[in-house]
Number of protein chains: 2
Amino acid sequence: MKIEQATIKDIARELNVSSSTVSRALKDYPGISDETKRKVKELAKKLNYRPNAIALSLRKSRSFTIGVIIPEVVHFFFSTVISGIEEVAYSRGYNVILTQTNEKLDREQSSIDTMLSNQIDGFLVSYSKETKDFNHFSRLLDQGYPIVFFDRVPEIPNAINVMVDDYQGAFDAVSHLITQGYSRIVHLAGPKNLKISQERERGYRDALKNYGIAINEELIVECPIGTSDEGQKITKSLLDNLKQKPDAFFGNNDMAAVGAMLACKAAGLRVPEDVGIVGFSNWQFCSMIEPSLSSVAQPGFNMGAKATEMLLDIIEKKVNPEEVKDALTLETELLVRKSSVRLRG
Amino acid sequence: MKIEQATIKDIARELNVSSSTVSRALKDYPGISDETKRKVKELAKKLNYRPNAIALSLRKSRSFTIGVIIPEVVHFFFSTVISGIEEVAYSRGYNVILTQTNEKLDREQSSIDTMLSNQIDGFLVSYSKETKDFNHFSRLLDQGYPIVFFDRVPEIPNAINVMVDDYQGAFDAVSHLITQGYSRIVHLAGPKNLKISQERERGYRDALKNYGIAINEELIVECPIGTSDEGQKITKSLLDNLKQKPDAFFGNNDMAAVGAMLACKAAGLRVPEDVGIVGFSNWQFCSMIEPSLSSVAQPGFNMGAKATEMLLDIIEKKVNPEEVKDALTLETELLVRKSSVRLRG
DNA sequence: TTTTTTATTGCAATCGTTTGCGTCAACGTT
DNA sequence: AACGTTGACGCAAACGATTGCAATAAAAAA
């Protein structure tokens, strides 16, 4: 049988005082004699008293819990973000309740509902690929619920967004490929409705423009799923069908880039001599494959940490959400490895 | 300003009935007139009423929340486990609150404390590498708290454990290497205090014995950290120092195995012709590297799902913890890829 | 018409904690 | 001796929902 936790009432009864006294004694409120405080604390320790956070939540209409909504846990980038969130939340005394949407809108909706029921103090969200309409978030914002979006951020009024500089990251990656002498650069793009995909594509285009290279729309291919299989198939079909063979691939993510690498190898092309490849996200495996994959590192941990700091600051009213800059952009870092270097520095 | 949620009282006041009536009407209790039910439900919908789960928790001493304690989120295997946990918990109407210990015992302790404060209904835990003593868990079990351990499971009375058959997985992997003609097989072992490490080592030893190969203790090396860097360094020093060069590596995990692969390549050895390599866990990158890495697949999602099913069954008293088998072992699957095949099938 | 039944609803306690306000005795001041 | 202070504590309401036990009125039975 489950042994119930000792409560303030138990302590009060045992000591023949009122619960108010016990409560105040435990918190070192003035107006309680040292003698009483001593006795209360002693008994509390002996009974292994633990305040009931649920009762506290009810009283204060605060739960010291934040809700995290992400597309998928099994995703290196998101798992690093979670790690950052967890660290900050823990150190500031908050709990994290987590749900993954599996990229489904209805899961997103219902997760929000149960979190609201659970009186969470704020949301941290990266929305699903299915989400094209943001009314469910706007409504929450209007009602004054603190929300901080990260990575996948919506363009709606009053939203507070933490993201990486996808544009710059892509721009850097493609510029790097160009300076390495690659010029017919394929972009394995992401889903068009995600702002991050748009930004990365924009960075790709601008880098080409910047070096005076004409943009060939045939070289921009959407990879909606984002697996290495998909990248492999798409790359193969490009290699088979394009008259002008491409000589480099910039992947919207690392999985697609690896797919491209495998397809190139299978086609007898050497990486990086014949084909240069750069990915995005810097998954752990980038440095473990042969040749090692250059990639744009996103500061996942940092993003989670920053987003959480910001959310908690808003919750604790340390900052006014109206006054906070509506977007915080974190720097990416291009990690140049073997897959994209054919000139000696 | 945050707009407060409508409560039962709000509905009651508006309709000039008591809160009891509203409560019963909402739940279709008998003894409430259809007319009243209609009006209550209508207004509830209009006010966007959402039951306050906190109040409910307080009343019922149940929170419909389970606590998950894991070493690290950023770990492919654990993230798949989380995914499985999340799925089952969600579908059965439970919330998941998550903490990572970062392999620290004190984090483990304090996570348990805050979870207890939050009246969670049960624990799902995979303990930290620092944990050598299980009193904090035994105490909880004695008090009747439902706990299900997964992957890293303790050997304490009454514990309910879900694990993979590490022994068999290791046995299969090493047997496979032997039948491929490798015989001087190194085992890059895990931390000695983890049962999973012990089991994998036992599988390694028994496989060798089974084929009549003498066990050379020099070939069993502990890799306490478990990164690819560590694996690489250790492998290099083995290659440099052993008189009898090893011809295969069985890694306690994939990272160590990849490290071994890189070190071998760096030493001019060919994989799999000169050296065979098998890892453990089947991380995503296994199929993306060259040569692709053979590995023992652990059913992470399934493990998370099973453990959660079991925990919720206990919580909901669908099963009696005394009667449940104290251990559930899931099958592993050896995925043979290029890194360990030098004989044609 | 009186009594019994039935349908519908309200009261109040409960879960554990906090907190504004009141109480009461002991003490100090003039 | 009468008064004001002060120190130490208790009462009771509140947070939101549930639920056993009345309570009330209307309908049915006698």
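Here is the naming used below: chain letters follow the sequence lines, and residue numbers restart at 1 for every chain. Keep in mind that the numbers below use all heavy atoms, side chains included, and drop hydrogens, waters and symmetry copies. On a predicted model such as this, the values are computed, not experimentally measured, just so you know.
Judged by the 6.0 Å and 45° rule, A/R62 forms a cation-pi pair with A/F64.
In this model, no donor atom of one side chain and acceptor atom of the other lie less than 3.5 Å apart for A/S83 and A/T80.
Distances shown here put every side-chain N or O of B/K9 at or beyond 4.0 Å from the OP1 or OP2 atom of D/dA14. Contact annotation: B/T36 side-chain N/O to C/dT9 OP1/OP2 distance is under 4.0 Å. An OP1 or OP2 oxygen of D/dG16 is reached within less than 4.0 angstrom by no side-chain nitrogen or oxygen of B/T7. One finds a side-chain N or O of B/K60 lying less than 4.0 angstrom from the OP1 or OP2 phosphate oxygen of D/dT19.
For the pair B/Y49 OH and D/dT18 C1', the interatomic distance rounds to 10 Å; values are reported in whole Å. C/dC15 atom C1' lies 13 Å from atom CG of A/D10, rounded to whole Å. Atom CD1 of A/I54 and atom C1' of C/dT18 are 16 Å apart (whole Å). Counting to the nearest Å, the C1' atom of C/dG10 and the CZ atom of B/R13 are 17 Å from each other. When the P atom of D/dC15 is taken as reference, atom CG of B/L56 falls 17 Å away, rounded to whole Å. Whole-Å rounding puts the B/Q119 CD to C/dG16 C1' distance at 9 Å. Regarding B/I8, its CD1 atom lies at a distance of 11 Å from the P atom of D/dT19, rounded to whole Å. Spacing between atom NZ of B/K27 and atom P of C/dT8 amounts to 20 Å, rounded to whole angstrom units.
Comparing D/dT19, C/dG16, D/dA8 by their nearest atom to the side chain of A/S33 picks out D/dA8. For A/I32, counting side-chain heavy atoms from C-beta on, the closest listed nucleotide (C/dT17, D/dC9, D/dT18) is D/dC9. Counting only heavy atoms from C-beta on, A/R24 has its side chain closest to C/dC21 among D/dT19, C/dC21, C/dC15.
Across the interface with DNA chain C, nearest-nucleotide mapping of A/T21 and B/P30 shows B/P30 to be the residue nearer the 5′ end. Map A/Y29 and B/S20 each onto its nearest nucleotide of DNA chain C; the residue landing nearer the 5' end is B/S20.
Between the CD atom of B/E130 and the CG atom of B/N193 there is a distance of 10.0 Å, given to the nearest 0.5 Å.
Using a 4.0 Å heavy-atom cutoff across all strands shown, B/D34 reaches no nucleic acid atom at all. Note on A/V17: only backbone sugar-phosphate atoms sit closer than 4.0 angstrom, heavy atoms only; bases stay farther off.
In this structure, the ring of A/F137 has its center no less than 6.0 angstrom from the ring center of A/F123.
For the pair B/Y94/B/I315, a side-chain contact is recorded, criterion being any heavy-atom separation below 4.5 Å from C-beta on.
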